[in-house]
Amino acid sequence: MDFNQRLRRARRAADMTQEEVAHGLHITLRSYQNYEQGRTSPPLHKLAALAIVFNVSTDWLLGLTDDPTPHARLVDE
């Protein structure tokens with residue numbers, strides 16, 4: 001499964017519209033639609049934001065693993 005297919009699947013699982021995701025990421029609807037259609041890829045900071053919004057790992061979104069479970073965040077103490 002490609003990035004755009006995983007992105008669409010994650011959005012639908014979160015029961016969100018494309019408009020809601022775009023608004024939350026502070027991007028245009030068209031920019032988000034381009035991600036889901038595979039026309040463009042998000043910059044790294046938007047990829048990380050998408051993983052947080054959908055509660056999945058960036059590795060899963062990128063197709064590097066079939067486990068969508070997000071990784072624990074590292075925090076400096």
Side-chain angles (χ1 to χ4, degrees):
M1 187 179 327
D2 293 332
F3 169 77
N4 61 314
Q5 295 168 319
R6 288 175 185 251
L7 185 60
R8 184 177 302 116
R9 175 189 268 184
R11 179 182 55 78
R12 289 178 176 166
D15 196 28
M16 296 178 75
T17 66
Q18 291 180 334
E19 293 87 358
E20 290 170 327
V21 177
H23 180 74
L25 293 177
H26 305 287
I27 60 174
T28 65
L29 172 59
R30 193 70 192 133
S31 290
Y32 182 77
Q33 289 171 331
N34 284 334
Y35 300 162
E36 278 201 14
Q37 293 169 359
R39 290 190 179 122
T40 60
S41 298
L44 292 177
H45 68 284
K46 295 298 182 187
L47 175 65
L50 286 163
I52 291 168
V53 167
F54 297 137
N55 196 35
V56 297
S57 72
T58 54
D59 286 352
W60 181 80
L61 281 174
L62 294 171
L64 300 175
T65 181
D66 288 330
D67 180 6
T69 308
H71 303 291
R73 294 186 190 177
L74 298 176
V75 179
D76 292 333
E77 294 182 11

Non-neighbouring partners of Asp15 that pass side chain to side chain contact (heavy atoms under 4.5 Å, CB included), sequence neighbours left out = none
Return the set of residues passing side chain to side chain donor-acceptor pair (under 3.5 Å) with Thr69 (not counting sequence neighbours), or none when no residue passes.
-> Asp67
Listed partners of Ala48 passing side chain to side chain contact (heavy atoms under 4.5 Å, CB included), at least two apart = none
Could you list the residues that satisfy side chain to side chain contact (heavy atoms under 4.5 Å, CB included) with Glu36, not counting sequence neighbours?
-> Leu7, Arg8, Arg11, Gln18, Tyr32
Let me have the donor-acceptor pairs involving side chains of residues 55-63, under 3.5 Å, with sequence neighbours excluded, atom names and distances please.
| residue | atom | partner | partner atom | Å |
| --- | --- | --- | --- | --- |
| Ser57 | OG | Trp60 | N | 2.9 |
| Asp59 | OD2 | His71 | NE2 | 3.4 |

Do Asn4 and Tyr35 have side chains that get closer than 4.5 Å, going by heavy atoms?
-> no
Are Phe54 and Leu64 connected, step by step, through hydrophobic side chains (Ile, Leu, Val, Met, Phe, Trp, Tyr) whose heavy atoms are closer than 4.5 Å?
-> yes
Side-chain donor-acceptor pairs under 3.5 Å in residues 21-28, sequence neighbours left out?
| residue | atom | partner | partner atom | Å |
| --- | --- | --- | --- | --- |
| Thr28 | OG1 | Ser31 | N | 3.0 |
| Thr28 | OG1 | Ser31 | OG | 2.9 |

Can you measure from CG (Asp66) to CZ (Arg6) and round to the nearest 0.5 angstrom?
-> 5.5 Å
